[in-house]
Amino acid sequence: MPRLTRVESSAGATPVNAYLVEGDDCVVVIDGTLTVSGGRALRERVAATGKPLAAVILTHAHPDHYGGAGEVVAGSDAPIVAAAGVDAVIRRDDALKEEILRPMFGDEWPRERAFPTQLVDDGAELRFGDIELTVDELGPGESHHDTVWSLAGGTNVFSGDQAYNHMHSYLADGHWEQWLRNIDTLSAELQRDTVLHPGHGEPAGVELLAWQRAYIERFVDAVGSADWEHEDRAKAAIAAAMADFLPTEELRFLMELSIEPVAAELGVR
Ligand SMILES: [Zn+2]
């Protein structure tokens, strides 16, 4: 059974996970974190195993999961693997992410981002020595294109951002209805003893999906019921409602970035 290690990068107060899957004779990395230092730390963790990097796999199309991937594969010929839909969104939106993230993260946001070099179809099974991973393509949800990856030989699922482990969440891509449907699909399909290895926070059981559903519903309700006659007050009321639901500052800025897009999508603003 391959050995799993969660590696959290918190550069720029943005905690995000990547995972090392260490097999008998190689290592697969799941997601690349956001930053140069996050990607380098992953490369060093792989080097410390003494085993070659076989691949970096990207769960979804958000920059906190692909930004550092180029640093992870630097000096190796390991592919960056993603579903075609994830690859397409990364390439389409990368210039926009550059505009948003450069001022926030400076040189920690890589000057050149590496894009996927190997594309896979829904249901593809990839084998790297004794590591076997299967992709389940969900489509739009938390990002414009989401996948989850299951590790054979147990009930471990790399679930990307389908469920954040009690951190504020990003809904600005506007697909929360599909996201809720994806949560339902996963809740129905995953075995009850599945361990989710999420993009943010500690590993958890499948009950985390129900928590994420409640978070999404609370947020959309708060945006929809706010008094948008007074925009600043509306935003403050939404942030306060979410701070009440989840009293943590972690990734609060992602929630705040989501207020205007969700209000626009709901037609309340
Ligand atoms: Zn994320």
Side-chain angles (χ1 to χ4, degrees), residues 6-19 29-39 41-42 56-72 80 82-83 85-87 89-90 93-94 96-98 100-101 104-105 108-110 113-116 137-149 157-176 178-180 182-183 186 196-204 208-209 211-213 215-216 219 242 246 248-259 261-262:
R6 180 170 78 103
V7 181
E8 184 177 64
S9 161
S10 34
T14 305
V16 59
N17 294 330
Y19 294 91
V29 170
I30 312 291
D31 282 342
T33 76
L34 174 73
T35 57
V36 171
S37 61
L42 284 165
V56 177
I57 287 174
L58 304 180
T59 57
H60 65 290
H62 277 155
D64 51 331
H65 301 266
Y66 79 80
E71 286 291 338
V72 185
I80 299 175
V86 171
D87 173 67
V89 173
I90 288 173
D93 292 352
D94 184 68
L96 180 63
K97 300 303 178 189
E98 162 71 23
I100 297 167
L101 297 172
M104 292 175 74
F105 294 98
E108 271 283 34
W109 171 241
R113 278 76 61 198
F115 296 143
E137 201 161 357
L138 300 167
E142 194 263 347
S143 80
H144 293 301
H145 207 95
D146 294 344
T147 62
V148 298
W149 290 75
V157 172
F158 300 99
S159 49
D161 287 356
Q162 297 311 302
Y164 294 55
N165 197 343
H166 295 76
M167 292 190 195
H168 289 287
S169 307
Y170 184 76
L171 290 93
D173 284 347
H175 308 296
W176 68 85
Q178 292 97 316
W179 187 359
L180 291 172
N182 293 342
I183 284 172
L186 290 171
L196 301 177
H197 300 269
H200 302 274
E202 304 269 349
L208 189 62
L209 292 163
W211 178 85
Q212 187 69 60
R213 162 176 278 285
Y215 183 96
I216 294 166
F219 180 77
M242 297 318 292
L246 176 63
T248 177
E249 291 297 308
E250 287 193 298
L251 300 180
R252 182 186 165 110
F253 78 100
L254 293 184
M255 177 270 289
E256 291 176 344
L257 282 171
S258 306
I259 293 174
V262 168

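Worth saying up front: this structure is predicted, and the values here are computed from it rather than measured. Atoms within each ligand, like the ligands themselves, are counted from 1 in listed order.
- For the residue pair His168 and Tyr215, a side-chain donor N or O sits within less than 3.5 Å of a side-chain acceptor on the partner.
- Using a 3.5 Å distance cut-off with no hydrogens or angles, the side chains of His166 and Glu250 do not pair a donor with an acceptor.
- Protein N/O/S atoms closer than 2.8 Å to the Zn ion (ligand 1), listed by chain and residue number, are Asp64 OD2, His65 NE2, Asp161 OD2, His200 NE2.
- At a cut-off of 3.5 Å, with distance as the only test, a side-chain donor of Glu142 or His62 sits close to an acceptor on the other residue.
- Side-chain N/O atoms of His175 and Asp146 include no donor and acceptor closer than 3.5 Å.
- Taking the six-membered ring for Trp and thresholds of 30 and 60 degrees, Tyr66 and Trp109 have ring planes more than 60 degrees apart, a perpendicular arrangement.
- Rounded to the nearest 0.5 Å, atoms CE (Met167) and CD (Glu202) are 8.0 Å apart.
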